[in-house]
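Since the structure comes first, as structure tokens, the remarks are kept for the end.
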Amino acid sequence: MNDVQPKATIVIFGATGDLAKRKLFPSIYKLYQKGKLDEQFAVVGVARRPHTDESFRHYVKETIEEATKQELIHEKFISHFYYHSLDATNTQSYKQLNELLTHVEEQFHIPGHRIFYLAMAPEFFGTITSHLKSEGLTTTNGWTRLVIEKPFGHDLQSAQKLNEAIRQSFSEEQIFRIDHYLGKEMVQNIEVIRFANAIFEPLWNNRFIANIQITSSETLGVEDRGRYYDHSGALRDMVQNHMLQMVALLAMEPPIKLTTDDIRSEKVKVLRALRPMTHDDVETYFVRGQYGRGIVRGQQVVGYREEHSVDPNSNTETFVAGKLMIDNFRWAGVPFYIRTGKRMTEKSTKIVVQFKDVPMNLYYRTSEHVHPNLLVIHIQPDEGITLHLNAKKSGESMKTTPIKLDYCNNCIDGINTPEAYEKLLYDCMRGDATNFTHWDEVAASWSFVDTISEVWANTKAADFPNYEAGSMGPKKADELLQKDGFHWWPLNGTM
Ligand SMILES: NC(=O)C1=CN([C@@H]2O[C@H](COP(=O)(O)OP(=O)(O)OC[C@H]3O[C@@H](n4cnc5c(N)ncnc54)[C@H](OP(=O)(O)O)[C@@H]3O)[C@@H](O)[C@H]2O)C=CC1
Ligand SMILES: O=C1O[C@H](COP(=O)(O)O)[C@@H](O)[C@H](O)[C@H]1O
């Protein structure tokens, strides 16, 4: 894990697809540019469509130039790319792939370390992994690792089935399940903010925190992913993975050490402590929404049901808000509100920790309230922390005014935060699985969301579409907090 310039072959299944193009190739290039990969690496692209090594290299070069908006200066870099045309279901083809891998390993002096990155539809995961093992691709002199993209199943049962299939060929230690939110700089910062600051950890519990709000809003609609999304919805697409991972990081106990196992084990405990939903609870604790037509960033956009490859009578939610309770000593009684949706007012991911009011308000003897202290963690697009405090109003004795202490992570000159995929790929190459999800986390998350999706699948949402594109979601999402005497803190800093 200490190898700063790991030596490995990255085999990308689905190399002609969208993810490889937009995220994987540019990330590999950035790692090379930063000197995190030396010359002992290779990338072998795999997909069905025909390519020679030359035409594939040309394609990769173009995609990187497009993504990074710069001329690809390192011609040497591109010579590390190879292509093998393969239908995932064709056994014979894996033998040829193995021969190619042996060849590139000799060429670049790579000691048999292989990463198999499955950037393909999940229905192929089992077939590919079983072929990798049966055709000898996992038998090398080095280590072999498997990177699996989301979605990891559709519910607990299908995830279990998928996991069992993969585990026939790879052990849990070899499996790196991607959740790209765990690669985001400020998501990784949650642990540091909590555990490296004496002022926060003693307050990080139900005695001092009133509620925690996590919002991940998008302005985009479903784009060209209507077919996938209409069978998934926001609950499976965002809540089961990204949102619950952020909840786990915010709520976990301090790990004994900062090791992968210790951190994961604390996260799993949180996910297991989530108060399970009964069918009757769902309506009280969760709100679903679907966008209708509206205006997003000045552009008129169509409603979800009019999107390409979406059922015109679709019951699929494009928005979820929920109130989560964590039934343990630290968090009993503290609501964690989550909210995520497509076609909302702005693209933003933020966490707001609202502290309880001071026991007695000395500064306003009237009914006025002092502002609650808030710790805002800005995940994206801005990265940073804002602490909202109260201070004395200049010149006016005994009057308070809200003030903000701001730290902007991505404003510092010269620091360009690495893309999540860049960090995660590098972690995988070094064998650090901390920011990947363990099977136990996946299972606990599915088991929590399954009841909600069952209820929603079996009851038609009569009010869909129930929010206008370009808004912050349905009214019921506001009422969810109002019932508890809270409100969503605005995302644009006007608090
Ligand atoms: N795109 C994104 O931003 C994100 C994607 N993901 C996940 O990543 C995975 C890939 O997504 P994405 O890149 O968008 O998908 P695409 O549909 O763009 O690409 C699919 C890839 O699979 C290849 N493929 C399809 N069938 C076969 C087959 N029988 N044998 C060999 N190769 C095949 C295709 O190439 P060819 O047609 O040449 O065979 C293509 O390279 C999915 O699991 C998705 O959910 C997760 C998060 C974000
Ligand atoms: O995993 C997914 O995440 C994206 C949002 O990611 P972000 O990094 O842009 O916040 C979402 O658009 C997509 O539907 C989902 O599959």
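Order of listing sets the numbers, starting from 1, for every ligand and every atom in it. Just so you know, residue 1 is the first one in the sequence shown, and it goes up from there. Values reported hereafter were calculated over all heavy atoms of this structure, with side chains retained and with hydrogens, waters and symmetry mates removed.
- The closest protein non-hydrogen atom to atom 38 (O) of ligand 1 is R49 NE, 2.6 Å.
- At a 3.5 angstrom cut-off on N or O pairs, Y229 does not count as close to ligand 2.
- Residue K342 approaches ligand 2 through these ligand atoms, each under 4.0 Å from one of its heavy atoms: 11 (C), 12 (O), 13 (C), 14 (O).
- Ring orientation note: the planes of H242 and Y181 are close to parallel, at an angle under 30° on the 30°/60° scale.
- Close approach to K150 involves these atoms of ligand 2, each under 4.0 Å from a residue heavy atom: 1 (O), 2 (C), 15 (C), 16 (O).
- For the residue pair E223 / Y229, no side-chain donor-acceptor distance below 3.5 Å is found, with atom types taken as modelled.
- In this structure, the protein non-hydrogen atom closest to atom 3 (O) of ligand 2 is H180 CE1, 3.4 Å.
- A donor-acceptor pair is defined here as one N or O able to donate and one able to accept, closer than 3.5 Å; no such pair exists between the side chain of R225 and the backbone of D230.
- Atom 19 (O) of ligand 1 has its closest protein heavy atom at G17 CA, 3.3 Å.
- Residue contacts with ligand 2 include Y181, since one of its heavy atoms falls under 4.0 Å from the ligand.
- Checked by atom type, the side-chain pair Q174/T144 shows a donor-acceptor distance below 3.5 Å.
- In this model, no donor atom of one side chain and acceptor atom of the other lie less than 3.5 Å apart for Y291 and E317.
- A side-chain hydrogen bond (donor to acceptor under 3.5 Å, both in side chains) with R288 holds for exactly one of T318, T316, T459; it is T459.
- Counting heavy atoms under 4.0 Å from ligand 1, residue R48 touches it through both backbone and side chain.
- Under a cutoff of 6.0 Å and an axis angle of 45°, R177 and F152 form a cation-pi pair.
- Ligand 2 has an N or O atom lying under 3.5 Å from an N or O atom of K184, backbone or side chain.
- When ring centroids are compared, Y467 and F319 come within the 6.0 Å threshold.
- Aromatic ring centres of H51 and H84: separated by at least 6.0 Å.
- Contacts of L86 with ligand 1, taken as heavy-atom pairs under 4.0 Å, involve the backbone alone.
- Put simply, atom 17 (O) of ligand 1 has no protein non-hydrogen atoms near it, under 4.0 Å away.
- The aromatic rings of Y94 and H131 sit parallel to each other, their planes meeting at less than 30°, with 60° as the upper class boundary.
- Residue contacts with ligand 1 include R22, since one or more of its heavy atoms lies under 4.0 Å from the ligand.
- In this structure, Y228 falls outside the shell of residues with a heavy atom less than 4.0 angstrom from ligand 1.
- Atom 13 (O) of ligand 1 has as its closest protein heavy atom L19 N, 2.8 Å.
- In this structure, R293 fails the cation-pi test against Y304, since its NZ or CZ atom is not both closer than 6.0 Å to the six-membered ring centre and inside 45 degrees of the ring normal.
- Atoms of ligand 1 lying under 4.0 Å from at least one heavy atom of A15, given by number and element, are 41 (O).
- Residue L118 places no N or O, backbone or side chain, under 3.5 Å from any N or O of ligand 1.
- Remark: minimum distance from atom 9 (O) of ligand 2 to any protein heavy atom is reached at K347 NZ, 2.7 Å.
- From the protein, the heavy atom lying nearest to atom 1 (O) of ligand 2 is H242 NE2, 2.7 Å.
- Relative to the ring axis of Y426, K36 places its NZ or CZ within 45° and under 6.0 Å from the centre.
- Side-chain N/O atoms of Q70 and Q33 include a donor and acceptor closer than 3.5 Å.
- Of the N and O atoms on the side chains of D155 and S158, at least one donor lies less than 3.5 Å from an acceptor on the other residue.
- In this structure, H180 and Y421 have parallel ring planes: the angle between them is below the 30° cut-off, well short of the 60° mark.
- By the 3.5 Å distance cut-off applied to N or O atoms, Q380 is counted among the residues near ligand 2.
- With respect to atom 41 (O) of ligand 1, the closest heavy atom belonging to the protein is T16 OG1, 2.7 Å.
- Shown in contact with P151 at under 4.0 Å from a heavy atom are these atoms of ligand 1, numbered in order with element: 45 (O).
- The closest protein non-hydrogen atom to atom 14 (O) of ligand 1 is D18 CB, 3.5 Å.
- Atom 44 (C) of ligand 1 has as its closest protein heavy atom K150 O, 3.6 Å.
- Considering backbone and side-chain N/O of M120, one or more are found under 3.5 Å from N/O of ligand 1.
- Looking at heavy atoms from C-beta onward, I214 lies out of side-chain contact with K350 at the 4.5 angstrom threshold.
- When hydrogens are left out, the protein atom nearest atom 6 (N) of ligand 1 is E149 OE1, 3.8 Å; that is the closest non-hydrogen contact.
- Listed by number with element, the atoms of ligand 1 under 4.0 Å from a non-hydrogen atom of A88 are 28 (C), 29 (N), 30 (N), 31 (C).
- A cation-pi arrangement, defined by a distance under 6.0 Å to the six-membered ring centre and an angle within 45 degrees of its axis, is absent between R114 and W143.
- Scanning the protein heavy atoms around atom 21 (C) of ligand 1, the nearest turns out to be G14 CA, 3.6 Å.
- Nearest protein heavy-atom contact of atom 12 (O) of ligand 2 is E218 OE1, 2.6 Å.
- Using 4.0 Å as the threshold, D237 has a heavy atom nearer than that to some atom of ligand 2.
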